[in-house]
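The structure presented is a predicted model; accordingly, all values stated were derived computationally and were not measured. All values below come from the heavy atoms of this structure, side chains included, with hydrogens, waters and symmetry mates left out.
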Amino acid sequence: MICSSSLHVSGSGTRNSPSPPSSEASDEPVRKIKASPQLNRWSRARTIRSGRKLDRSTSTESLLTKSGSLPVRSQPEIESLLLPMSPPNNKRDSRSSSSDDEKEGNGGGIPIFILSDGTGWTAEHAVNAALGQFDYCLIDGVCPVNTHLFSGIDDVDKLMEIIKQAAKERAMVVYTLAEPSMAQSAKQACQHWGVASNDILGPLTDAIAGHLGVSPSGLSRWAPERQKTPLSEEYFRRIEAVEFTIKQDDGALPRNLDMADIVLTGVSRTGKTPLSIYLAQKGYKVANVPIVMNVDLPKTLFEVNPEKVFALTINPVVLQSIRRARAKTLGLNGELKSNYWDMDYVKEELEYAGKIFAQNPVWPVIEVTAKAIEETAVIVLRLYHDRKNRCSMPRISKRY
């Protein structure tokens, strides 16, 4: 369960005190759930990191019964699970009165709880994409944010426990819950306790269901019922692509370039290998060929279909800094003279590569400076599929 330094449930005071159960409810059987050691350890760690003293005497007394478990009504309706904690009477006043505690408990950041019944990959990436719109204040520390991922949520009791913690910390809750009843429980609990929330998966699933005219399964991707299905052809295609790409890394086995779906080429440290692996995980067989001055390129690079070759280039100043950092990780002495990160050599090598690109105008040249691997991959795949589907290609021979 959650320690009292992060959540006050038992009612020595009047605020947030539990409403007394009715006589009818008292006759119902009481089910006990085990305490959540993971969430308890997480809350304790946050308290210690914030510099506050951990109140061990009351950390569990306010939450647990003498038997070490929290009684929860077995009534299926979500309203019965909402009784242990009443919503705040005045949202603005309660926020202002506990703002200091929230800043301490969250390390000075605004908390966002990410909830999922699976791995949480979808919700986490959606939140990170949205936070990218606030770089101007996140980088300067004007509005610091702390995100916390809770994955594998498979029952309502655990869901309620986390949302109660979010209510205490004034956190926003973002969730992807495939089962409609779980998603509805999260929505009602957030409304009851005044927690800002956003359902990422539900509205899109409903829209697709309406468009297809069929009902969704309501199962998470990793549900046991879905794991019983045999592995798909796509899965084996991705495995084969990853194995092929690893064997073809850094110009190895150039005789197999014609078997690749995509061929990447460019000077050292332009991101060929990580881009290759990223594309391979999407099911594309990728080979990459480095361009090094005074080293002949394999003939097969110019014999394969030029429409599947993609050239990578980068700003020389950025390339020099990347190569210098790479040399340090390899333990090379900074005083040792090396052409690898010498600016004149870097410029000369980029010019040498540029001449090769000019001699092969069908190869699109992609500028990778300040681009994430995902951004470069989007460009490569867009051009790849445009060519494969024989779309008009007015952008060929230009930089991207």
Side-chain angles (χ1 to χ4, degrees), residues 76-78 112-133 147 149-156 158-160 162-163 172-192 195-242 261-262 278-285 372-393:
E77 289 78 5
I78 186 60
I112 298 178
F113 284 14
I114 303 172
L115 283 57
S116 174
D117 50 12
T119 62
W121 188 94
T122 300
E124 189 174 29
H125 281 68
V127 170
N128 289 335
L131 288 176
Q133 300 296 315
T147 60
L149 174 62
F150 299 89
S151 58
I153 302 175
D154 53 2
D155 62 75
V156 177
K158 187 186 301 182
L159 179 65
M160 294 299 105
I162 297 173
I163 295 180
M172 179 181 183
V173 170
V174 178
Y175 57 91
T176 52
L177 300 170
E179 186 179 347
S181 61
M182 288 282 287
Q184 183 65 17
S185 298
K187 180 179 179 180
Q188 292 184 10
C190 290
Q191 291 176 347
H192 181 81
V195 176
S197 64
N198 185 273
D199 181 3
I200 294 178
L201 189 62
L204 179 59
T205 302
D206 293 341
I208 294 177
H211 183 68
L212 299 179
V214 295
S215 300
S217 65
L219 299 174
S220 68
R221 182 179 299 180
W222 307 109
E225 294 83 353
R226 297 185 64 173
Q227 299 304 310
K228 294 178 182 178
T229 59
L231 297 176
S232 63
E233 293 182 4
E234 180 185 359
Y235 171 82
F236 291 105
R237 180 170 59 86
R238 290 168 56 193
I239 296 298
E240 183 181 359
V242 171
D261 299 316
I262 296 171
Y278 181 85
L279 293 171
Q281 291 176 342
K282 292 182 174 293
Y284 299 92
K285 295 181 179 179
I373 295 298
E374 294 84 354
E375 294 177 286
T376 307
V378 167
I379 297 174
V380 170
L381 293 180
R382 173 169 58 84
L383 297 176
Y384 171 80
H385 287 290
D386 282 350
R387 290 175 165 186
K388 190 175 182 179
N389 297 326
R390 295 301 173 189
C391 298
S392 60
M393 296 293 294

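Between the Asp117 side chain and the Asp154 main chain, no donor and acceptor come within less than 3.5 Å of each other. In this structure a side-chain-to-backbone donor-acceptor pair under 3.5 Å is present from His125 to Trp121.
Smallest separation of non-hydrogen atoms from Asp199 and Ala183: OD2-CB, 4.3 Å. The minimum heavy-atom distance linking Lys282 with Arg238 is given by the pair C-CG, 4.2 Å. For the residue pair Gly118 and Ser151, the shortest heavy atom distance occurs at O-CB, 3.2 Å. Closest approach of Leu149 to Glu124, counting heavy atoms only: CD2-OE1, 3.9 Å. Across every non-hydrogen atom of Gly218 and Pro180, the tightest pair is CA-CD, 4.1 Å. The two residues Ala123 and Ile114 have their closest heavy-atom pair at CB-CG2, 3.4 Å.
By the neighbour-count criterion of 12 heavy atoms within 6.0 Å, atom OH of Tyr235 is sparsely surrounded, having that number or fewer from other residues, nucleotides or ligands. Taking a 6.0 Å sphere around CD of Glu233, one finds it holds 12 or fewer heavy atoms contributed by other residues, nucleotides or ligands.
Residues Asp261 and Leu279 are not in side-chain contact: their nearest non-hydrogen atoms beyond the backbone lie 4.5 Å or more apart. For the pair Val127 and Thr147, the minimum side-chain heavy-atom distance is below 4.5 Å. By the 4.5 Å heavy-atom criterion applied to side chains, Met160 and Ser185 are counted as neighbours. Between Arg237 and Glu234, the closest side-chain pair of non-hydrogen atoms falls below 4.5 Å. Taking 4.5 Å as the limit, every side-chain heavy atom of Phe113 sits out of range of all side-chain heavy atoms of Val195. Met172 places a side-chain heavy atom less than 4.5 Å from the side chain of Asn198.
Put simply, CD on Glu374 and CG on Leu381 are 11.5 Å apart, with the number rounded to the nearest 0.5 Å. Distance check: Ile373 CD1 to Tyr278 OH gives 9.5 Å after rounding to the nearest 0.5 Å. Atoms CD1 and CD, on Ile153 and Glu179 in that order, are 12.5 Å from each other to the nearest 0.5 Å. Separation of atoms CD1 (Ile112) and CG (Leu131) is listed at 5.0 Å; rounding is to 0.5 Å. With values rounded to the nearest 0.5 angstrom, Leu383 atom CG is found 14.5 Å from Lys388 atom NZ.
Of the residues listed (Ile208, Ile200, Leu201), the one engaging Leu204 in a side-chain contact (heavy atoms from CB on, under 4.5 Å) is Ile208, and it is the only one.
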